[in-house]
Amino acid sequence: MKKLPFRSTAFKARNQGTVYLYSPEDRIEVLSKLLEGCGFKVVFNDYTVTSFENKVLCHYESSRLEAKQNLFLVEATEYGAWVEPLVSYLDERNGYTEVDLLHSSYFLHQKSFTILSSKRTQVVKRTLDILFSFFLLVLTIPIALITAILIKLESRGPVLYKQQRTGQYNQEFHVIKFRSMRQDAESNGAQWASKYDSRVTRVGKFIRRTRIDELPQLINVLKGEMSLVGPRPEREVFIKELEKRIPYYRFRHAVKPGVTGLAQTSYRYGESVEDAVWKHKYDIHYIKHHRTLTDLKILLKTVKVVIFGMGQ
């Protein structure tokens with residue numbers, strides 16, 4: 001092996017067209033299917049590689065590899081290869097987390113989740129929540145008043161709608177929204193909301209598309225039940241169904257739910273379990289890679305949605 005200089009060109013290798021992946025043999029078939037259409041070629045378990053410049057080496061379930069196989073990965077790192085877990089590599093490359101690849105060890109290094117382990121990060125996030133929420137509440141008073149009048153004129157029922165949702169640490173609270181559906185919308189029990197839901201009123205369609213219906217949730221933020229940015233709060237009846245089918249679904253409750261979030265600005269309106277899986281991919285990625293700058297970018301993108309009516 002030819003040893004490369006410190007900070008070699010391997011650090012530029014993330015977007016190379018070929019990834020060398022090392023995993024137990026019994027996982028190759030599953031990984032091959034999951035990585036179909038990933039945009040790069042995957043070479044499995046090639047231990048004959050000797051030149052590591054501009055190469056990406058990923059590993060999956062490396063604890064199950066033989067000692068000499070793990071030694072190969074350690075030496076590849078020493079000689080300048082870019083070596084990292086497959087989940088981490090896909091995180092950075094795709095902008096979301098492949099939840100089907102997750103296992104418990106991913107969540108057991110709490111220091112890598114700065115939003116969970118850093119008090120400074122939590123204080124900054126809470127301070128921004130309070131300042132921005134108060135400013136937005138004052139700024140949008142005229143919009144809120146007009147919305148309330150239109151809701152009242154169109155249909156019977158309250159202007160505001162309260163619904164029990166599950167928040168941080170699985171604690172339930174009542175989320176506040178402008179009512180966008182008929183008053184009898186759930187007379188037959190809880191139902192998934194859909195993009196073209198017949199229960200939605202004419203005013204409701206507009207305030208949903210522009211996200212105006214979410215404005216009262218700023219009160220939830222000031223009360224400390226929500227954050228401006230985070231995973232959307234879901235109802236417990238749906239959570240119990242989703243956690244049976246989506247790995248580590250309740251981990252989203254490690255942080256406060258958000259008025260908006262990475263999933264909302266990155267994925268279409270969710271109305272199925274498949275959509276919930278995709279949103280969970282973005283939610284886990286947000287929790288793992290949270291930064292204050294990311295929150296600001298998501299807020300700016302949300303403002304764009306509100307102004308130009310680009311909501312799903």
Side-chain angles (χ1 to χ4, degrees), residues 122-168 171-186 193 195 197 199-235 255-266 269-270 286 290 292-312:
Q122 294 167 12
V123 170
V124 170
K125 187 172 176 64
R126 181 60 184 153
T127 301
L128 291 177
D129 279 346
I130 294 172
L131 293 176
F132 275 90
S133 295
F134 183 78
F135 173 75
L136 289 172
L137 274 174
V138 174
L139 185 67
T140 58
I141 285 176
I143 297 174
L145 290 174
I146 294 171
T147 301
I149 293 170
L150 292 175
I151 291 173
K152 205 66 180 176
L153 287 174
E154 183 181 17
S155 60
R156 293 181 178 181
V159 169
L160 296 177
Y161 178 67
K162 292 185 179 181
Q163 190 177 71
Q164 195 161 296
R165 300 286 179 97
T166 300
Q168 190 177 30
Q171 295 179 353
E172 294 186 322
F173 69 102
H174 286 93
V175 70
I176 310 169
K177 302 177 70 172
F178 279 121
R179 182 171 59 85
S180 61
M181 291 187 176
R182 303 189 311 268
Q183 192 174 4
D184 63 346
E186 293 198 333
K195 186 176 180 179
D197 203 316
R199 300 171 297 165
V200 178
T201 64
R202 287 176 297 174
V203 173
K205 289 178 183 178
F206 175 77
I207 63 176
R208 279 187 166 202
R209 187 172 67 250
T210 56
R211 307 281 176 88
I212 291 173
D213 64 323
E214 312 283 0
L215 285 177
Q217 289 174 43
L218 296 173
I219 297 171
N220 291 116
V221 176
L222 290 175
K223 291 171 66 177
E225 297 166 331
M226 295 179 66
S227 177
L228 282 173
V229 180
R232 287 294 297 148
E234 190 51 86
R235 301 167 68 177
V255 298
K256 290 181 181 179
V259 177
T260 186
L262 181 63
Q264 283 63 49
T265 57
S266 303
Y269 196 94
Y286 170 78
H290 168 269
T292 301
L293 182 60
T294 303
D295 278 1
L296 294 176
K297 287 180 178 178
I298 292 171
L299 287 172
L300 287 173
K301 196 170 182 179
T302 303
V303 169
K304 185 178 178 181
V305 168
V306 172
I307 292 175
F308 296 104
M310 295 164 54
Q312 298 287 345

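This chain uses plain numbering: 1 for the first residue, then up along the sequence.
For Q122, there are no side-chain hydrogen bond (donor to acceptor under 3.5 Å, both in side chains) partners at least two apart in sequence or on another chain. Residues satisfying the side-chain hydrogen bond (donor to acceptor under 3.5 Å, both in side chains) criterion with T166, sequence neighbours excluded, are E236. With sequence neighbours excluded, the residues that form a side chain to side chain contact (heavy atoms under 4.5 Å, CB included) with L160 are I176, F178, P216. Residues passing the side chain to side chain contact (heavy atoms under 4.5 Å, CB included) test with L218 are S133, L136, L137, L215, L228, sequence neighbours excluded. By the ring-ring contact (aromatic ring centres under 6.0 Å, His included) test, Y286 is found to be paired with H290, residues two or more places apart in sequence or in another chain being considered. A search for salt bridge (Lys or Arg N to Asp or Glu O under 4.0 Å) contacts involving E172 returns nothing, not counting sequence neighbours. When the side chain to side chain contact (heavy atoms under 4.5 Å, CB included) test is applied to I141, the partners found at least two apart in sequence or on another chain are L145. Every side-chain hydrogen bond (donor to acceptor under 3.5 Å, both in side chains) that Q217 has, sequence neighbours left out, goes to E214, R232. In this structure, the side chain to side chain contact (heavy atoms under 4.5 Å, CB included) partners of E225, at least two apart in sequence or on a different chain, are F173, N220, K223.
In this structure, the side chain of E154 does not engage the main chain of T201 through any donor-acceptor pair within 3.5 Å. Counting only distance, with no hydrogens or angles, the side chain of K256 and the backbone of G224 share a donor-acceptor pair below 3.5 Å. Under the 3.5 Å distance criterion, the side-chain polar atoms of R179 are matched with a main-chain donor or acceptor of P158.
Summarising the geometry, atom NZ belonging to K304 is positioned 11.5 Å from atom OG1 belonging to T265; distances are rounded to the nearest 0.5 Å. Distance check, rounded to the nearest 0.5 Å: CG of D213 to NZ of K177 gives 5.0 Å. For the atom pair CG (L262) and OG1 (T294), the distance works out to 8.0 Å, reported to the nearest 0.5 Å. Here F206 contributes atom CZ and T147 contributes atom OG1; the two are 7.5 Å apart, rounded to the nearest 0.5 Å.
Annotation for R165 and V175: closest pair CG-CG1, 3.5 Å, computed over non-hydrogen atoms. For I151 against V159, the heavy-atom pair with the smallest separation is CD1-O, 4.0 Å.
Each salt bridge (Lys or Arg N to Asp or Glu O under 4.0 Å) pair with one or both residues in residues 125-152, not counting sequence neighbours, appears once here: K125-D295.
With P257 as the partner, the side chain to side chain contact (heavy atoms under 4.5 Å, CB included) test is satisfied by one option alone out of S227, P233, P231: P233.
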I would like to know whether R235 and Q163 meet side-chain contact (heavy atoms from CB on, under 4.5 Å); could you show each step before the answer?
-> CA-CA 8 Å; R235 301 167 68 177; Q163 190 177 71; 3.1 Å; yes
